[in-house]
Amino acid sequence: MRSEPGTAPHAHTAQTPAPTPAPTPGPAAWLRRRLGRTVVVSYAVAALLPGPGLWLRRPHTLPLGDTARLPLHSAPLLLALVLFSAGLQVPAQALGRLLRHPRTLLAGLTLHLAVPLLVVPALAFVLHRTPDSDGGSGLITAMILIVAMPVAAGATVWTGKGDGDQPTMVGLVLASTLLSPLAVPLTMRALAPLVDQEYADHLGRAASTAGGAVTLGGVVLPCAAGVLCRLVLPPARLARTLAVVVPTALVGSLLLTYVNASGAFSSFLTHPRPLLLAAALAVATLVCLTSFALGRCAARLLRLDTDAASSLTLACGMSNSSASAVLISTTLPDKPHLLLPVLAYGLLQKTAANHVVGGRAARRLSR
């Protein structure tokens, strides 16, 4: 077909927007392909060499002049790096589309809030029938402190590994965190009657301090900074920034895993309790698999596409175990053994997430 006189053929191609920069294949791609294995290695190193992780867990200070000192905490800094990287990878236009069509966001948020109310009572029904002296109240309390937390920031790392729906995942992390000062205490108080009085009192204290453990500034601000940087940086500089920040954040997420695992392993190695470890693994496996299964079933019922289904499944199964560990350390300092279920759940949710994004990639390749 001939063009009209004075009209340049294919003139519309000049209006085509520039492609979105993507991180340069290299260290980030290499780490993402091996993320599941490197997480297991992080846990193994924490078990064999917890000393450096315990040192990183302690607060440190940076001298500023002669008298002033700046307190530094490694875990929040590493978490902020992971979230900044997640925000940097999300186009603002995609977040806008997510707000205009929030079905997946609302479904994931509703399910994440409902999972504790569905799973923990069933767990308590089983554990109350065991010969344990407190009817499994310790393990139930640990599970409440895990599943009541907002969506884990690390879910954005696993979404990135599978090239999934990162805007939805970031939106779920932000929304659940914004609701956490209200949702976390309510969930804990609603489930407190399932444990004996001693642990119910501990849950009451944890509910009162939960807003401090899940800091909005530690989640919302790094994500917002990443999105803002993506808006203001020119495409060439954005591509170079992504090529540096993304692999650095992946390393930071592995280091954060090592730091958190070191604290739990240190307590276990000092006072080994094999039976408790076995019980913690069994309970964490049951709760983790049930949570992921609920997410997958909901995604199928809603007929979500593969990307959105992956994000919904991860949002149901992945909770902020770092915040759980902080709450246990501060409100139950005389019960460090409760960190074992947190440790087990942290490993299991990463293993399940690896399976979810791995299965998603396999289905994509089979098309």
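As the structure is a computational prediction, the values presented were derived from the model and not from experiment.
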query = Checking side-chain contact (heavy atoms from CB on, under 4.5 Å) for the pair R230/L242: CA distance, chi angles, key distance, verdict?
reply = CA-CA 9 Å; R230 187 180 184 102; L242 284 167; 4.2 Å; yes

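P222 and A80 get closest at one heavy-atom pair: CB-O, 3.4 Å. Nearest heavy atom pair, residue P341 against residue M143, reads CB-CE, 3.6 Å. When every heavy atom of V119 is checked against every heavy atom of V287, the shortest pair comes out as CG1-CG1, 3.9 Å. Residues T290 and L286 approach most closely at OG1-O, 2.6 Å, considering heavy atoms.
Residue pairs meeting the side chain to side chain donor-acceptor pair (under 3.5 Å) criterion with at least one member in residues 76-86, sequence neighbours excluded: S85-Q89.
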Side-chain polar contacts of residues 146-154 - donor-acceptor pairs under 3.5 angstrom, sequence neighbours left out - could you list them?
none

Let me have the donor-acceptor pairs involving side chains of residues 186-195, under 3.5 Å, with sequence neighbours excluded, atom names and distances please.
{"unit_1": "T187", "atom_1": "OG1", "unit_2": "A183", "atom_2": "O", "d": "2.8"}

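Note that R296 lies outside the cation-pi zone of F292, set by a 6.0 Å cut-off to the ring centre and a 45° limit from the axis.
Residues passing the side-chain contact (heavy atoms from CB on, under 4.5 Å) test with A261 are Y43, A46, F265, L343, sequence neighbours excluded. Looking at residues two or more places apart in sequence or on another chain, you find no side chain to side chain donor-acceptor pair (under 3.5 Å) involving S42. Judged as a side chain to side chain donor-acceptor pair (under 3.5 Å), and not counting sequence neighbours, T104 has no contacts.
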